[in-house]
Amino acid sequence: VGNQRRRVHITLELPWSADKAIQQLGRTHRANQRSGPMYKFLISDVGGEKRFATAVAKRLALLGALTQGDRRATGQSSALGLGGFDMDNKFGKKALSTMLTSIWDCSSSTLTDAPESHAVEVLKLIDSHLGAVIEEGEDWRDNLAPYDCDKKSEQTFYSMMESLLLGSCSQLAENRVEAIKQGKSVAKYFVYLEDGTETKETIKPKIDEELNAAKEAGLNFNVMCFIWLFDVGVTHQSTSSGKNRVPLSVPKFLNRCLGMNLSRQKLMTDHFLKHLEKEVSLAKRAGEYDHGIKTVSGHSVVVDKPRSFCFRGLEEKDERCLLYKINVDRGMNSDTALELYNEAKGLEGDAGDNPTATSTGRWLCDGQREGISSGFYIDRRHDIFKEVPRIFLIINQGRTSRKCVVIRPNEGKKTYSKDWVLGKLINGAAQLSLCTDVPQAIETWQKEFVLADRPSSEEYQRYCHGRHEERFLFGGSIIPILNKILVSANLDGLNVAKKDTTMPSIVRVEPSGKSQQSHAKTNGGNSKEGEYLANTSVMLSFNGNDIPGTPTVGQNVAHEMLGSNILRGIITKCGNQRGSYVTQFTDGCNIVMNTTEVIKAKELFEEEFRKLVVKAKVPRADALSIGMTSAVNSADQGATHIPILAEGENHNTDEYERLFEEEYDEEVPKVLVGLEFPKRFLHWYSKIASGHIQIPFWKFVLRKLAEKLREEGAMTSRELLNLKKAEQYKGKNHTVVVCG
């Protein structure tokens with residue numbers, strides 16, 4: 001195909017059903033493609049439209065969980081750019097409840113500042129209503145109550161205003177009543193403007209004065225939301241749970257927002273999203289946020305040969321818990337950074353979103369509020385960063401997203417809110433400035449990337465750490481002992497702050513390269529396994545005249561039965577027909593095989609021989625005997641595991657986990673999924689040091705687990721090996737050897 005450029009799939013309207021969305025996206029995501037398509041969704045700034053994106057995002061997550069057991073599976077909402085719209089979850093419900101509580105209480109603390117135009121509009125409504133009840137005479141407070149003769153809609157409105165002005169906004173009501181009596185009603189000011197008594201120039205200072213006074217008396221964004229929600233049928237009473245009432249849900253709240261005008265919709269949904277971000281941030285800080293399965297990524301990811309532990313003793317002698325050491329280069333080189341920059345600028349140009357810089361380093365987009373331009377930014381505080389200027393690549397995710405991607409040469413990609421990027425980086429202490437000279441930016445980037453070639457515990461200049469970090473992952477058969485692992489990680493009673501007691505994360509690792517240990521193991525090296533494998537061909541040569549690959553009389557073969565056994569046999573003679581062979585097995589059966597079948601039977605025998613010699617450590621002579629019956633995969637299940645500690649070292653170690661540790665002689669899996677504990681250090685009492693020492697959290701959990709198992713009487717690896725030797729000794733005189 002001549003045109004192999006990346007395709008762009010534009011969705012003008014999201015389908016309601018998640019499986020239909022996946023089906024549509026699959027029309028351009030095909031097998032054997034050179035690169036996957038780029039998905040673009042037409043979603044406007046209208047706040048109510050987030051309702052539909054939320055529904056699809058949630059259904060996509062549920063679809064992944066049902067079909068692949070992973071809510072972040074291929075086609076997931078986050079991978080398609082809809083992750084920011086997944087609001088219908090437990091954090092969304094909590095954020096909605098917190099937001100509504102602050103609105104019904106008209107709390108003075110609010111996450112959103114009241115826009116002036118909307119604040120004037122609400123103040124005009126309040127002054128108009130108070131002016132009408134004051135004209136009725138007597139006590140204005142009594143006149144706020146609805147009359148029985150009023151229409152139902154009027155009674156509902158009067159009841160709402162009564163609860164607002166006599167409740168949490170009583171100070172605001174008294175302030176406005178005094179102003180109205182003094183002829184300073186904002187509603188009257190607008191009447192004067194309409195009939196020509198006043199002009200815009202003369203009336204605006206008066207309105208601004210009353211607006212400031214009202215804000216000091218309690219007018220804020222929560223008061224405005226109180227009235228806006230009433231207009232779409234959402235009241236304190238309707239959102240309260242009761243015998244016949246269900247609390248307001250996130251989808252219903254977003255549906256009601258559709259009844260507001262566009263500007264109110266946007267303000268209301270943005271206010272809700274701020275509360276959602278706050279709840280998520282608090283949950284992350286407390287260790288209660290479920291990230292799902294996090295993928296370890298970076299410039300390179302290398303997994304060393306793991307440590308193997310047998311923690312289940314006689315209960316499951318062949319189950320192993322593995323501890324993987326993962327070496328991650330979390331940085332990003334200049335070539336990758338340039339590719340991301342070009343892609344971001346291309347998308348920005350396609351969208352027509354071209355911000356214009358101001359003299360203060362802020363960015364204005366389409367004459368609206370501050371935006372962020374995608375590009376390279378440099379921290380030019382040379383007195384702090386003397387080796388190389390600190391450089392960033394900031395990518396704006398678009399107007400429909402509240403996030404920005406911030407990339408550093410030594411830390412890779414991270415995601416932050418736009419408010420954080422503006423407040424901390426562009427307009428904060430860093431005072432980052434946009435670098436329009438891309439070649440210079442790339443040169444600076446590569447220089448810092450090279451300087452960061454060191455462990456993350458070391459700094460190459462102030463505030464800048466190396467890009468190489470070590471991570472430790474619990475894998476293998478951890479489900480049976482998961483509860484014991486979590487109990488060992490419980491820090492209650494250890495005088496540790498609550499915010500530090502975080503649960504482990506589920507991590508997925510796809511190694512991008514082999515460690516030196518794995519590479520040496522693959523090449524054989526000087527290991528015993530290499531010696532075994534090197535001599536295998538010699539041990540399997542039974543006839544000096546044999547032609548490699550050609551079956552001959554006297555060669556050993558094996559045949560897998562329908563049950564769980566593999567029977568061994570020998571080629572007794574060549575058949576009458578050319579290419580046929582007669583084989584005899586230990587169960588007395590004679591089977592006629594063709595050339596292809598007998599070659600496969602030879603290969604099966606050789607494979608079983610290698611397993612028995614290398615993994616089960618069976619003597620070569622016994623492994624070659626056709627009288628041995630082996631179970632399918634018996635070499636794997638019944639392999640002899642060699643303890644790390646030598647005989648007599650069991651009671652001379654302060655590292656309890658080594659009592660259960662064994663040698664590991666298998667390949668590192670291509671994909672790992674396991675538990676990773678937070679990066680922190682804890683105090684551990686060392687008997688050898690006669691005092692407390694600091695150890696990483698993962699080692700604390702491992703050691704605590706081993707100590708607890710030892711107290712419960714679990715057998716160590718050395719004890720299991722001695723028990724197995726004793727069992728083998730008892731069955732030494734058997735004529736048929738059974739492995740497994």
Side-chain angles (χ1 to χ4, degrees), residues 318 521-525 527-642 663-667 724 727-728 731-740:
D318 297 319
K521 177 180 180 299
T522 304
N523 292 336
S527 65
K528 295 180 180 179
E529 181 177 340
E531 295 175 6
Y532 282 128
L533 294 176
N535 296 326
T536 299
S537 59
V538 177
M539 296 303 301
L540 291 175
S541 179
F542 313 112
N543 190 337
N545 297 324
D546 288 350
I547 301 174
T550 303
T552 58
V553 175
Q555 288 185 337
N556 288 2
V557 291
H559 178 62
E560 184 175 343
M561 305 298 290
L562 293 177
S564 60
N565 289 339
I566 293 179
L567 295 180
R568 294 178 166 215
I570 190 172
I571 301 176
T572 56
K573 64 178 180 179
C574 296
N576 296 329
Q577 297 180 357
R578 186 177 181 181
S580 65
Y581 300 86
V582 179
T583 58
Q584 184 178 12
F585 292 91
T586 54
D587 63 349
C589 295
N590 292 324
I591 301 177
V592 179
M593 299 182 177
N594 58 31
T595 304
T596 303
E597 292 173 339
V598 80
I599 289 176
K600 289 183 178 179
K602 282 181 58 181
E603 292 175 349
L604 180 59
F605 182 87
E606 294 172 4
E607 180 183 353
E608 286 298 304
F609 172 81
R610 289 187 176 91
K611 287 182 179 179
L612 292 169
V613 172
V614 175
K615 295 184 178 179
K617 304 297 186 293
V618 175
R620 292 183 177 86
D622 292 340
L624 284 173
S625 172
I626 64 171
M628 174 177 287
T629 303
S630 61
V632 177
N633 295 328
S634 61
D636 291 331
Q637 298 173 3
T640 301
H641 301 278
I642 309 301
E663 293 182 0
Y664 183 85
D665 58 357
E666 299 180 15
E667 290 285 344
K724 185 168 185 177
E727 292 174 350
Q728 290 177 345
K732 186 175 181 180
N733 296 325
H734 289 191
T735 55
V736 178
V737 182
V738 179
C739 298

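Sequence positions, counted from 1, serve as the residue numbers for this chain. Computation of the quantities below employed the complete heavy-atom set of this structure, encompassing side-chain atoms and omitting hydrogens, waters and symmetry-equivalent molecules.
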Item to check | Nearest-0.5 Å distance that lies between atom CD1 in Ile571 and atom CE in Met593 | outcome: 8.5 Å

Next on the checklist: Looking at Asn594, is its backbone amide N or carbonyl O close enough to the side chain of Glu597 to form a donor-acceptor pair, meaning the two atoms are under 3.5 Å apart?
Outcome noted: yes

Checklist entry - So, for Val598 and Tyr581, which heavy atoms are closest and what is the spacing to 0.1 Å? => result CG1-CD1, 3.8 Å

Checklist outcome for this item: Minimal heavy-atom distance between Val553 and Cys574, with the atoms involved, is CG2-N, 4.1 Å

Checklist entry - What residues form a side-chain contact (heavy atoms from CB on, under 4.5 Å) with Glu607, not counting sequence neighbours? => result Leu604, Lys611

Checklist entry - So, for Pro551 and Ile599, which heavy atoms are closest and what is the spacing to 0.1 Å? => result CG-CG1, 3.9 Å

Checklist entry - For the residue pair Phe605 and Arg568, what are the closest heavy atoms and their distance? => result CE1-NH1, 3.4 Å

Next on the checklist: Could you measure the distance from the CD atom of Gln555 to the OG1 atom of Thr583? Nearest 0.5 Å is fine.
Outcome noted: 12.5 Å

